[in-house]
Amino acid sequence: MAIEYQPKIVGFLCNWCSYAGADVAGTSRICYPPNIRIIRVPCSGRIDPLLVVKSFQQGADGVLIAGCHPGDCHYTEGNYYARRRLALLRPFLEYIGIEKERFRVEWVSASEGKKWAQVVSSFTDELYKLGPREMTLAKGTG
Amino acid sequence: MDLGEQIRNKAKELIERETVDCVIGYERATDGVGARPLFAYKPEEVDRLIFDQTCTHNLAKYLLNSKDKATAIVVKPCDSRAINLLLNESQIQRDKLFIIGVACPGITKTGLNNTHEELQAACQICQQHTPVIYDFLVGEPPASEPDIAEAYADVAAMEGQSAEERRAFWEEQFSRCIRCYACRQVCPGCYCTECFVERLDPLWVGIRIAPEENEVWNTIRAFHLAGRCIACNECERVCPVNIPLSLLNRKLEKEVRQLFNFQAGIDAETPAPFATYKKEEVFPELG
Amino acid sequence: MARTGVFICHCGTNIGGTVDVSKVLEAAKSMPTVAYVDDNTYSCSEPGQASIHDAIIENRLDRVVIGCCSPRMHENTFRKTVATAGINPYLLEIANIREHCSWVHGDDKEAATDKAIELVRMAVAKAASLEPLFSRQVGLTKRALVIGGGIAGIQAALDIANADYEVVLVEREPSIGGRMAQLDKTFPTLDCSACILAPKMVDVAQHHNITLLTYAEVQDVKGFVGNFEVNILQKARKVDHIKCTGCGTCWQKCLERTPSEFNLEMGKRSAIYIPFPQAVPLKPVIDTEHCAHFKYLEAKEEGRDLPDCNICQQLCPVSAIDYEQEDQIISERFGAIIVATGYQTFDHSVYHEYGSGRYTDVITGLHLERLLSASGPTGGEVIRPSDGLLPKTVVFVSCVGSRDEQKGRSYCSKVCCMYMAKQAIMLKEHDPEVQCYIFYIDIRAGGKDFEEFARRAQEEYGTLYLRGRVSKIYQEGKKLIVCGEDSLIGRAVEIAADLVVLATGMEPSIGAVELAQRLKISYDTNNFFIEAHPKLRPVETNTDGIFLAGSCIGPKDIPESVAQGGAAAAKVTALFSQDVLTTDPMVATIDPMLCSGCLLCTQVCPFNAIDTQVTRDGRTIALVNETMCKGCGLCVASCRFGAADLRGFTQQQILAQVTSLWR
């Protein structure tokens, strides 16, 4: 593991719950590691598996998807569908060699600033331990 | 009466009575050994229809071209599941089809160096020798289906390896992909007007033939078939660089079965796993 | 070629104190499509917005990126800013470098700056793919639905009705009035609660613009602001309320007795009943579970024999009793909904140290209200529930089910300090010989005249306030021994009480969570409904057209509930003052060339907003109804063909954000 390794994390957060929860972490000034880059989406159900796979392809060491707790989706059902899609995607990515620890799905509500900070902290720590995600063959190819 | 003869008799009846416009079936290939698809419009063309253990092609793919016309088609059990899939996805209409289902003895391995005696990998673990949908059944359905306890043995073996081993394995496999898209062309589940791999806006997969691009291509195609792949295994057969695609597709098939208790193509009515959900379901896979 | 302007806000020192804004500006200059960069101290202020406006015009910018606070804060503000400068308001992207950056990485300024640069880079990448979007207009139904007939709901209904709009008030109990109807006197004025409440209840019943549906519940809600479609379940009262005159013969003659819910099971009511004498509507319902006639019918079906009873039906002078009456579903259209479902009290049986609810003479504040009330189970005589004797020593215990993390209720219920003081005063008024003790942690008396009131309880009415918690209550003979502490003198204290009153906390009413899920509004970990913004938008939710009032949001007293009822009504009347509503243009689209008609999107859309259409070449494909679409994007994620996309969050835009990172 390189000394300079800083995990690169992409986070897809739903506007109504998890993004608001991350905002609350901000208003509460709760500190957490700065590695995550948050992309706002309207709903966790908006997340196309293509985006997850592309995120890893573009260099992410970890991908986090955060949505409303099941039952509380602003659009009623979005996260139920997301839950199914991601429950299938996670073991599949693991199967092709992307450790399941690199792909996290969390339910964070609009008031859970503390939980958000904990999620990011623990995810970042875990990715430090796992090391960078590298495609051994891709290194050096044009 | 052998299978071919039963099919010819039925097909002739359908053509002569003009019940269908075309019968899609198999005929002897030009090498005299294998089979190839046949589109029979006239009675004399029907005479060329055969059925034996070389009839590997999934003819359901061709139904997507003849949506308006009444068509008869010869299907093996796996192919018949493809018909249910296409019905479920509103791609074909039941009343335009006459399905000649074949109780299949299994297809042997094709190719120049094969003795044509060993069954294909998919046929070795097949648990469904009777078509799931048909209008006319040809052949004797077996009394019982074999209980292949280890239908997912190779998938399980892959799961048992370490992440690094799996990563190295798939990188190696995907590095050989030449993006010929033969797998996609032969698959009845792949019928998108514009495949995601060909889109420029957004550019999901670049033009370069490189391992990281090939990985996106193969994994997403497999995921687009999750809960839809009916395991005919044609994709793996036609791959010119022998990528073990069934090892990918059957992993998803196994997960879909476990997570959603769903098998693709068994009928045309059950909603696809991604078209529905249960509020109470809990997935330990999400950690 | 796009010309993007990047504006970084210092937000005073909120951002500028942690993030090196000049470095971010420098980095932004070389980002693709960026034609102009600038910073502002407070971008949202008038001079800040003006500088952005001028920069757009002077530099011929056609899209804008602002690095500032959360878009949930000021996206709408800046949309207006860019619109006044002539740019389509949707050609704006915000980089959240405050809540998601400077405020959470204050411990590492370098990392915060690097991250801010990356967040801006993502926003610039997305902005390059943004397209102008245009709203549409849709009509609205100027009718309001108020859910909950407590004081907040009553006030809201009256205010909307007085503004000359129609209101339907739905209450699940047989009468409106809520918790306030159960109170005896209210602090700090010691007004009789029923006396100040009853006129408002009657106003509701008589108002020509208000339709009152009691014994009814909201079953499901579809639609969107201006156009909600609601199914209301009118439970069968078994009494025809149009014929009924409220003469009272039936409930006086009914022979069945069952504990009265209104009196918290301390008294009895009949099976055909009104919950309390001032009930509105003053018309009874039959509790079929305890009615002899319905028990007879049930027994008959099971082959058992029970005597039948038709007393109420026989005696009713207007033949209003209708045993065959069925539940009804009433479907109505509304333009706005106000949720005022109120609270219930905490169940103190989890406090095993206080007897787990076993001791009859350990009661709650609400129980005491019923005992104090002249129309309560004891006619206003405060007697011990166990033996009917007058209590001479009464001990109050504060914060039971509040400020207690161990019991899962860490919040303060706000009103208990005041109602304990009030109840101590009332007890002394009822019986000058009574001595009241209040074990407290703090005395929270923040409202107008509240502090003076609390002092009166001590100085004029001799209530002894002991600062300390109660560790145990147990029965000894006829007395209840209360073991507590007086921390100001540092001693343990034991009081042999005749009556113990637990100041139990407020929590949301039963069914609050289910209702929230039906309405698709948010609720917090304590099941209170969440406001759009706790400071600036206290009666709105994040769902357009649905408003909140009263203690369903959080513990509060009567004046606050009334104020919120009025505030919510004002929001509704503002909404109704428009003739058309403008829809959000960030909706889904389906490319008819790419759609293969698999119709998976129609199955997953939570709002049934996707129909089908037949193309000229005979294909049946999907088509989005833009008015119904709420922009969730489920269809996009479900579409393998890439036919569905979501304006404002397109596949290309999100991919551009991902691809821009770590270059």
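These values consider heavy atoms only, across backbone and side chains, with no hydrogens, waters or symmetry-generated copies. Each chain gets a letter, A, B and so on, in the order the sequences are listed, and its residues count up from 1.
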*If you draw a 6.0 Å radius around NZ in K67(B), do more than 12 non-hydrogen atoms from other residues or ligands fall strictly inside?*
yes
*Proximity breakdown for L203(B) and chain C, heavy-atom pairs closer than 4.5 Å*: backbone
*Pick from P271(B), P202(B), A272(B) with the largest number of heavy-atom pairs that fall under 4.5 Å of chain C*: P202(B)
*Flag yes if more than 12 heavy atoms outside E164(B) fall under 6.0 Å of its CD atom; otherwise flag no.*
no
*Does the pair F274(B) and V604(C) meet the rule for a side chain to side chain contact (heavy atoms under 4.5 Å, CB included), with working shown?*
CA-CA 8 Å; F274(B) 288 156; V604(C) 304; 6.0 Å; no
*asked:* How about CG on N261(B), more than 12 heavy atoms from neighbouring residues, nucleotides or ligands closer than 6.0 Å, or not?
replied: no
_Take a 6.0 Å sphere around CD1 of I207(B) and say whether it holds more than 12 heavy atoms from other residues, nucleotides or ligands._
no
*asked:* Below 4.5 Å, heavy-atom pairs only: which of C595(C), G618(C), S596(C) has the largest tally toward chain B?
replied: S596(C)
*Measure L594(C) against the heavy atoms of chain B and call it side chain, backbone, both or neither at under 4.5 Å.*
both
*Is any side-chain heavy atom of R640(C) closer than 4.5 Å to a side-chain heavy atom of Y191(B)?*
yes
_Residue E131(C) excluded, over 12 heavy atoms near CD under 6.0 Å_ = no
*Inspect the surroundings of CD in E514(C) and state if more than 12 heavy atoms from other residues, nucleotides or ligands are less than 6.0 Å away.*
yes
*How many angstroms lie between atom CG of D201(B) and atom OG1 of T650(C), to the nearest 0.5 angstrom?*
7.5 Å
*Measure the spacing between CZ of R199(B) and CZ of F641(C) and express it to the nearest 0.5 Å.*
12.5 Å
*Between E194(B) (side chain) and G642(C) (backbone), is there a donor-acceptor pair under 3.5 Å?*
no
_Pairs of heavy atoms under 4.5 Å with chain B: top-ranked of M593(C), Q653(C), Q651(C), Q603(C)_ = Q651(C)
*Under 4.5 Å heavy-atom distance to chain C, tell me which part of R228(B) shows up: side chain, backbone, both or neither.*
side chain
_On a heavy-atom basis, which atom in G597(C) and which in S90(B) lie closest, and how many Å separate them?_
O-CB, 3.4 Å
